[in-house]
Amino acid sequence: MTTRDLNDIQIRFLASLGALWAAVLLALPFTKVAIDPGSFATVVGLALALAAVGMFAGRYGLRQFRGIACLMAGLFLIMLPMVAANYMAMSFNLPLADELLVRMDEAIGFDWHGFIGFFNDRPLLATAFSTAYQSFLVQVALVPVLLLLLGEARRAHAFMIAYGLLTLIAAIVAIWFPAYGTYAHYGYSGAEFANINTYFGFEFIEHFEAVRNNEVFVVSTDAMSGILTFPSVHAGVAYLLIWATWTNIWLRYPFLVLNLAMALAAVVNANHYFVDIIASIPLAVLCVLVVRSVFGLGSQTSPGSVTASSPAPAPASNT
């Protein structure tokens, strides 16, 4: 990839990142959430310093290092406003939607108690799904780097923006669906499950209640939590990760299996209703369509990629 190509990608990335920040900051005064400027400034400063180091390295021909440094800086700059958006959504303090979400699960025939019992009776499977669930941040950081190294810089940056956009849209939808989730709604404490890690099903509740019940809630990087139930951001990002890695034959199936497990693990390990997982699908599709247009992905292919219309390679000659 030429420096000109990388410049074009990063301009599109910065413009998209600016739009995400603008959306959050413009909505902030209409909520009861405030941002701790000191903690946010520290993280933003570190991210900008990392980006500056990357740009400096790029001047000496280290384009891949430049790309990786800027992607990691971008990850921090995307996560900050998107986590704030979660709190902003819950600050409207609309009536709890747990009963509605239970009825939606029942309407599609999903037996939550049977599903959770199935995993609790199988320790190895429960452990595998817990590991998949906790791979979220590792994957969000690792997959763009892998794509960049494999010559798919445009797709790497597109995934990062899709992640931010999905989180923002999920926060907007979640305004009307605040919920404690399955564990709390069904009256479980977590001790009933011998083999399921329920930590993530309860750790957000203190934040959830605080942002709903206090007159002002200050978001700080010292303590942040994902507090959305419907739709599931974890599941939505799992679908984005499948899309991001799909064109590369070496990444496709390992990340498909891992992220299908991560999406379902949101039900097992994180207090989600099954409809939370389903509702994330159209959001992920919408985000993919947007970033494909923004980054000019279209039907282009990349090194190591395959498409349905690609001709099969000719057999090797023995001569």
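Rounding to the nearest 0.5 Å places CZ of R122 at 13.5 Å from OG1 of T127. In this structure, E203 CD and T198 OG1 are separated by 11.0 Å, a value rounded to the nearest 0.5 Å. Atom CZ in R212 sits 7.5 Å away from atom CG in L94 (nearest 0.5 Å). Taking CG of D105 as the reference point, atom CG of L100 lies at 10.0 Å (rounded to 0.5 Å). Taken to the nearest 0.5 Å, the CD1 atom of I116 stands 4.0 Å off from the CD1 atom of I196. Rounding to the nearest 0.5 Å places CG of L240 at 12.0 Å from CD1 of I161.
Side-chain atoms of Y188 and F193, non-hydrogen and from C-beta on, do get closer than 4.5 Å to each other. Residues H185 and L96 have side chains not in contact (no heavy-atom distance under 4.5 Å, counting atoms from C-beta outward). Contact annotation: the side chain of F255 never approaches that of M262 to less than 4.5 Å [non-hydrogen atoms, C-beta and beyond]. Contact annotation: the side chain of V288 never approaches that of Y239 to less than 4.5 Å [non-hydrogen atoms, C-beta and beyond]. When side chains are defined from C-beta on, M160 counts as touching L75, because their heavy atoms get closer than 4.5 Å. Residues M90 and H207 fail the side-chain proximity criterion, which asks for heavy atoms closer than 4.5 Å. The shortest side-chain heavy-atom distance between L228 and V173 does not fall under the 4.5 Å cut-off. Taking the side chain as every heavy atom from C-beta outward, M104 and I278 never approach each other to under 4.5 Å.
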T221 and T42: CA distance, side-chain angles, deciding distance, side-chain contact (heavy atoms from CB on, under 4.5 Å) verdict: CA-CA 9 Å; T221 57; T42 299; over 6 Å; no
Criterion side-chain contact (heavy atoms from CB on, under 4.5 Å) on M79 and M224, from CA distance to verdict: CA-CA 11 Å; M79 290 180 67; M224 287 181 158; over 6 Å; no
From CA spacing to verdict: side-chain contact (heavy atoms from CB on, under 4.5 Å), F115, V268: CA-CA 8 Å; F115 186 80; V268 180; 3.6 Å; yes
Check against side-chain contact (heavy atoms from CB on, under 4.5 Å), L80 and W21: CA-CA 9 Å; L80 286 179; W21 268 89; 4.2 Å; yes
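Using a 30° and 60° split on the angle between ring planes, Y183 and W112 fall in the perpendicular class, above 60°. The aromatic rings of F13 and H157 stand perpendicular to each other, their planes meeting at an angle above 60°, with 30° marking the opposite boundary. In this structure, Y163 and F159 have parallel ring planes: the angle between them is below the 30° cut-off, well short of the 60° mark.
Contact detail for R252 and W246: the closest heavy-atom pair is NE-O, 2.8 Å. Taking each heavy atom of A158 and L297 in turn, the nearest pair found is CB-CD1, 3.9 Å. In this structure, E192 and N120 approach most closely via the heavy-atom pair O-ND2, 4.1 Å. In this structure, N86 and I227 approach most closely via the heavy-atom pair O-CD1, 3.8 Å. Closest approach of F177 and L101 over heavy atoms only: CD2-CD2, 4.4 Å. The minimum heavy-atom distance linking P231 with L283 is given by the pair CG-CD1, 3.4 Å.
A donor-acceptor contact under 3.5 angstrom links the side chains of Y273 and D98, judged on distance only.
No donor-acceptor pair under 3.5 Å is formed between the side chain of R154 and the backbone N or O of G296. One N or O on the side chain of N248 and one on the backbone of W250 form a donor-acceptor pair closer than 3.5 Å.
More than 12 heavy-atom neighbours from other residues, nucleotides or ligands sit within 6.0 angstrom of CZ on F110.
Residues satisfying the salt bridge (Lys or Arg N to Asp or Glu O under 4.0 Å) test with D111, not counting sequence neighbours, are none. Residues passing the side chain to side chain contact (heavy atoms under 4.5 Å, CB included) test with L50 are A69, M72, A73, sequence neighbours excluded.
A salt bridge does not link D8 to R4: none of the charged nitrogens lies less than 4.0 Å from a carboxylate oxygen.
Residue Y133 is found in a hydrophobic cluster whose other members, listed by chain and number, are Y199, F200; membership requires side-chain heavy atoms under 4.5 Å apart, directly or through intermediates.
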